[in-house]
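First up is the structure itself, then whatever we jot down about it.
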Protein chains: 2
Amino acid sequence: MKRAKKQNRSDIEERVQEFSRLCRKNDLRVTNQRLEIFRALLETVGHPTVEDVFHQIRTILPNLSIDTVYRTLTLFENHGLITRVQCLSDKGRFDPNLENHHHFICVRCKKIEDFYWPEFTDYSIPDEAMKLGMIQMKKVELRGICNECRRKGRNAHQKKHS
Amino acid sequence: MKRAKKQNRSDIEERVQEFSRLCRKNDLRVTNQRLEIFRALLETVGHPTVEDVFHQIRTILPNLSIDTVYRTLTLFENHGLITRVQCLSDKGRFDPNLENHHHFICVRCKKIEDFYWPEFTDYSIPDEAMKLGMIQMKKVELRGICNECRRKGRNAHQKKHS
DNA sequence: TATTTAAATAGGAACTATTCTTATTTAAGG
DNA sequence: CCTTAAATAAGAATAGTTCCTATTTAAATA
Ligand SMILES: [Mn+2]
Ligand SMILES: [Mn+2]
Ligand SMILES: [Zn+2]
Ligand SMILES: [Zn+2]
């Protein structure tokens, strides 16, 4: 999982500070683990898994427990500070980007990339769909092969079973 | 997981027959297990999990192994006979509906319902997104609370952790 | 129809992701 | 500083999925 280049260090520190305030507002104690976990989300592109976050932080907090990462990410999710992204693979993935955006999922490496499509918000859903329940969110999902995987070619991916 | 009312028995049997031919064309042996598994997918609404399928068929094939269900569904998927649906929960879900359609996911009971939106196909994706890779599929995903869960009220759902 | 054989299955073990339990540590308020 | 409830680490437990292998079976062939 690569580090992002799109956000520089001071942008990230600013968001971590803001996050710190948000924690206090939500009656969540500000622990080192929590800050590092949130920072790791911001620093990673492709919507990291729990393991991605865990391994990245182990260098800084060598006896971090993986359970803390699970617990903390679910906590953030329950407080609306991040969202959980569906998995095409079997691992949960998380998203610190709360802006209205959409996803491109690479079916080979399972990486998830963001994109924006402001006009989509204006398109109205068919009646048939409106009747299914109370809609809280509408998103577009693209599936395909990411540029990185296309470069690598057909190797380096394994399917399960047959 | 409820049985569907939208497809009657003869519709289903017709699709099972057609499926049987498709298996032969794909050099897949037509076994009782495979037919029952495919039939179970057709008979169930809400995009069943492996366990849903397993339990439904156990009454007919009492010593069906759960591994066979996993193996078979993945096999069908690899041959393009069904698709795998992303999980908001932790379980894999499967979809025998290969038509171009979209999903409404209930965040409470995790049920996934189909809807159709033909016009969506014509909307063109922003350039930004086109550059992410080779796009194979574009879908809309709605999240919310299904009618059934709304009726049941706030009880009957548990969140993990805190 | 009987025989053959590679493919498919059942059953249980193994593996992997996630959650739970409990003793210890710590943030934050007094 | 103290106090204390909240958070954590470590490892056990659980749940979903895949692997292993002896047995069964679909379907091609005689
Ligand atoms: Mn995102
Ligand atoms: Mn569907
Ligand atoms: Zn990729
Ligand atoms: Zn529901």
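In the text below, chain A, chain B and the rest are named by the order of the sequence lines, each starting its count at 1.
The listed nucleotides are D:dC20, C:dT9, D:dA9; the one nearest the side chain of B:Thr68 is C:dT9. Comparing D:dA9, D:dG16, C:dG11 against the side chain of B:Tyr70 picks out D:dG16 as the nearest. In this structure, the nucleotide among C:dG11, C:dC20, C:dA28 sitting nearest to the side chain of A:Asp67 is C:dC20.
Proximity of A:Arg71 to the phosphate of D:dT8: a side-chain N or O atom is located under 4.0 Å from OP1 or OP2.
D:dA30 is paired with C:dT1 under the Watson-Crick or G-U wobble criterion, all donor-acceptor distances under 3.5 Å.
Rounded to whole angstrom, the span from the CG atom of B:Asn63 across to the P atom of C:dT9 amounts to 13 Å. For the pair B:Leu61 CG and C:dG11 P, the computed distance is 11 Å after rounding to whole Å. Taking atom CD of A:Glu77 as the reference point, atom C1' of C:dT18 lies 14 Å away to the nearest angstrom. What separates CD1 of B:Ile66 from C1' of D:dT18 is a distance of 12 Å, to the nearest Å. When rounded to the nearest whole Å, the span between NE2 of B:His79 and C1' of C:dA8 equals 13 Å. Atom CZ of A:Phe54 is separated from atom P of D:dA9 by 9 Å (rounded to the nearest Å). For the pair B:Ile57 CD1 and C:dA10 C1', the computed distance is 15 Å after rounding to whole Å. Computed from coordinates, the B:Arg24 CZ to C:dA7 P distance equals 17 Å when rounded to whole Å.
For the atom pair CD1 (A:Ile105) and CG (B:Leu132), the distance works out to 12.0 Å, reported to the nearest 0.5 Å.
Position along DNA chain C of the nearest nucleotide to B:Arg58 versus B:Asp27 favours B:Asp27 as the more 5'-ward residue.
Judged by distance alone, the side chain of A:Arg39 and the main-chain N or O of A:Val16 form no donor-acceptor pair under 3.5 Å. Side-chain atoms of B:Asn147 come within 3.5 Å of backbone N or O of A:Lys131 as a donor-acceptor pair.
Within residues 28-41 of chain B, the residues that have a heavy atom under 4.0 Å from DNA chain D are, in order of number, B:Arg29, B:Val30.
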Do any side-chain atoms of residues 19-27 of chain B form donor-acceptor pairs under 3.5 angstrom with protein atoms, and if so which ones, sequence neighbours left out?
| residue | atom | partner | partner atom | Å |
| --- | --- | --- | --- | --- |
| B:Asn26 | OD1 | B:His79 | ND1 | 3.3 |
| B:Asn26 | ND2 | B:Leu22 | O | 2.7 |

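Classification of the A:Tyr123-A:Phe120 ring pair by plane angle, with boundaries at 30° and 60°, yields perpendicular.
If you check the side chains of A:Thr72 and A:Gln33, you find no donor sitting under 3.5 Å from an acceptor. If you check the side chains of A:Asp114 and A:His102, you find no donor sitting under 3.5 Å from an acceptor.
Residue contacts shown for A:Leu64 are limited to sugar-phosphate atoms, with no base heavy atom under 4.0 Å away.
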